[in-house]
Amino acid sequence: MASPVLPKLVGQRVKRREDPRLIQGRGTYVDDVKITGMQHLAFKRSDIAHGRIRSIDTSAAEAVDGVEAVFTGAQIAEFLGPMPIGTPFPSPDHRAVASDVVRYVGEPVAVVVARDRYVARDAADAVTIEYDPLPVVVDPEQALTGQPAVLHADFPNNAAVGPLPSGTGASPKAVDDTAIDQAFAEADVVVSQRMVNHRLAPTSIEPRGVVAHYEPGKDAMTIWSSTQNPHILRTFIAALTGLGQDQVRAIAPEVGGGFGSKINIYGEEYVAAALSKRLGLPLKWVEDRSEAFLCTIHGRDILAYVDLAARRDGTVLGLKLRLVADIGAYNMLLTAAIPTLTMTMASNVYAIPAIRATLTEVFTNKTPTDAYRGAGRPEAIYFVERAMDMLARELGVDPAEVRRRNFIPSDRFPFKTQTGAVYDSGDYAKALDRALEKAGWEGLKAERDAARAEGRLVGLGLSMYVEVCGVGPSSGLPTGGWEHSQVTVERDGRVSATTGASPHGQGNETTFAQMLADQLGIPMEHVRIHHGDTGVVKQGIGTFGSRSQAVGGAALHLAGGKVKKKMAKFAAALLEAHEGDLVFENGTISVKGSPSSAKSFADVAGYAYRPVKLPEGLEPGLSEEAFFEPSNNTYPFGCHIAMLEVDRDTGEPRLLKMVAVDDAGHLINPLIVEGQIHGGLAQGIGQALIEEVAYSDDGQPLTGSFMDYAIPRASDFPRFELESTVTPTPVNPLGAKGVGEAGTIGSTPCIVSAAVDALSGFGVRHVDMMLRPERLWRVINGGQA
Amino acid sequence: MARVSITVNGRKRSAEVETRLLLVHFLREQLNLTGTHVGCDTSQCGACTVLVDGRSAKSCTVFAVQADGAEVTTIEGLADGDRLHPLQEGFWEEHGLQCGYCTPGMIMSAVTLLHDNPAPTEQQIRDGLDGNLCRCTGYQHIVNAIQHAAASGSGR
């Protein structure tokens, strides 16, 4: 009986293999991990934004029944070194637990070890701290005056980095201003605007958490963490606890979302590991939501002075971008590097002949910032796209047309921008055309005008984006920018594969299995993908920068190719054929042209593990690994269009239509890609409309819970309308670019442009996000935004 | 301390509990039913949603002692043996989840949503999910999942 023909799976909407356990409540997240004898940590945190610790009294906490120990920052400093960073920028001393000065609300000051989380919390509340308050600064431009507060003595005027010119990374050099000055001198039109890309909270629904288990008998540590990159966690935990990397096993179990915030290695993880080693006890800490708002990194918070110079025909001649990034109180792992991406991506999809971008990073008394979905690119695209929209309005040209006139032509790739990025491939006009068609742009304009004639405030916005994904290569990342995979064909013909791209919702168990099933010609059910455990996955970097498919998938593809090649040698020996003539499909390996000469995949696998006659030059077994080092980043792009209505009476904006055309190169699983884009859109729209981390002038967070910080609900959105174009990348063998951040990057500016369009009758050129009803109401009622 | 007796997923469970113990912690810590999650501390996110006497309830806002004598269904008890509940099928079929953390609460809320309105419109589904937050999906595939379940007659 002929075996059924297996369908090709790559490119198909395959249902996820992760789901059966997750929809039945059988996934294991970090808070589900229990170990005999496990104790719980709770942190006492600063409730002021800036102050010197005068005294700490832990006696009441120690007296609480069930408390094992209480440690102050000073005690912890005796055995735990400063928090490491992962960028080459200078960084002030930063401790997991503060011992002298606190610099933001939520900074840890003491930690309790106790029997259960209720007792630990009681005891933390019982720690009494006296502070000598210091002046507080929360406005980044004010902070740069050095008044009224300087956070770190070695950083005068709170300047953490810069000003840096673009394209220079960590080592500023003299910049030639001739070209940019000439561009502005020749311009017919210059649009200038100060814009704020405000502070956000990543808010994965699973808060952070860690279980650290040092076993004295083994002199080895196992650490479970809700992390995007267990291998990087292992590296840093080993370094800070004085263990070798061979002595630390890091496990990312199910991870309930990250959005960049779980790249970091946080103080709580270092403390849990260090205390577990010191006490010889398994320890758990799980963040609660209010802690998440205070102590998990924030994202964005960059303001820009944007000047765009153009000819009357819409040709852009030059762009000046002066950036001030409010990075909060300390550098975390990648903090200082994130805003440099805003400079790098300042050319967007346009062939701008002269660009001058400069960046200053500033310390303020707020939670540190770091990578949040998009990480530097949403800011760049927002600033440039808002300026392009203002230019279109100034010239009276359709916003689609002014963009089209400045596109990098599709035949000019690879294209090096004035800010040093080398775009791999692109066809921006195709994405624009597809989006205009999908949205029915001309029809929408008529609809908008008709609504306006009825007195309704309806607006349209359009944005183009290109972003940088597939992070590496290694030259750009202190951890290395490769990814690793090992593919093993087991004795029974089943396949186990590992990936260092540790997922947190991306569905790699599905997409990677689709790829291997096709590559080896076997059923997907016979392939299992292992990830998230450094004890199983030999090497890895992790999942961030939309890299898991473009870099991790490529490594898997290479390892799969290697094992297939070796298997072909065994099959060739068995079939007395030339290995180049073999076909892997439908679970068999056959000789091209003579299908009756075939062996089952499982039989060849079995032979490889008992090679009665070992082919010359071969070792037994079928297990091959590959590191993939990309030659460049990938640069996905797209066009997003929004239609929005502002309520004339209340100022409330309502999103009516959202169209997204995205080009991420080849797609492995369009169903999963859609999900990624939907989620990205939701976060990008959330930023424009309802999300904002706010502080009072004295540094008190005003958005400390889901009651104050609004993340979008289902009722906030219309049905998203998606389409894709496919422009493969040449930098990896899959042609896949990555899609995790696209939706977030493209959506935000077109929402704001739509709001400005809706209010254009009131003479407004720009409104800063978030588009709170009050702000829009003021525009409608003759005030400033 | 107080003695509670709660029927969870059809099994009667009795325990001595602190009166301040939240139902969610009773389920997770004492019964090891860790499918019910905690995502906030102010009752907004809905990750902890279970059924109490057949109606969805946020188990982070109920003390275990308040559930004394009640029947509680958690995500682990929703399927009929090996046969998934239509909502579980819908979430799988329509890619209604990514990280999966909000999913148990989302599904348990949707049970009540469809019970009350077996044939909801899309807007009614979106409004009905106001007590549940998802940060991954943008909700569109969740809406599809609930429509999928509704079409299979889940609420009837």
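Chain letters run A, B, ... following the sequence lines, proteins first, then strands; residues in each count from 1. FYI, side chains are in, hydrogens and waters are out, and symmetry mates aren't considered; it's all heavy atoms of this structure.
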Lys/Arg N to Asp/Glu carboxylate O, A/D65 vs A/R115, below 4.0 Å: yes
Can the ring centres of B/H25 and A/Y118 be said to be less than 6.0 Å apart? yes
Measuring heavy-atom distances to chain A, does B/L97 have an atom under 4.5 Å in its side chain, in its backbone, in both, or in neither? both
Do the ring centers of A/F259 and A/Y372 come within less than 6.0 Å of each other? no
Would you call A/V255 and A/T227 a side-chain contact if the rule is heavy atoms closer than 4.5 Å? no
Please identify, among B/L33, B/L22, B/N132, B/L129, the residue contributing the most non-hydrogen atom pairs under 4.5 Å to chain A. B/L22
Scan B/K58, B/M108, B/H37 and name whichever one has a side-chain contact (heavy atoms from CB on, under 4.5 Å) with B/C48. B/K58
At a heavy-atom separation under 4.5 Å, does B/Y139 approach chain A through its side chain, its backbone, both, or neither? side chain
Using non-hydrogen atoms and a 4.5 Å limit, figure out which bit of B/T103 sits close to chain A: side chain, backbone, both or neither. side chain
Please identify, among B/T36, B/I75, B/V143, B/D41, the residue contributing the most non-hydrogen atom pairs under 4.5 Å to chain A. B/D41
B/E122, part contacting chain A, at a heavy-atom distance under 4.5 Å: side chain
Could you check which of B/H95, B/Q88, B/Q140 has the highest count of heavy-atom pairs closer than 4.5 Å to chain A? B/Q140
CZ (B/R20) with more than 12 external heavy atoms under 6.0 Å: yes
Out of B/E94, B/M106, B/Q44, B/Q123, return the one with the most heavy atom pairs under 4.5 angstrom to chain A. B/Q44
Interface moiety of B/L21 toward chain A, non-hydrogen atoms closer than 4.5 Å: both
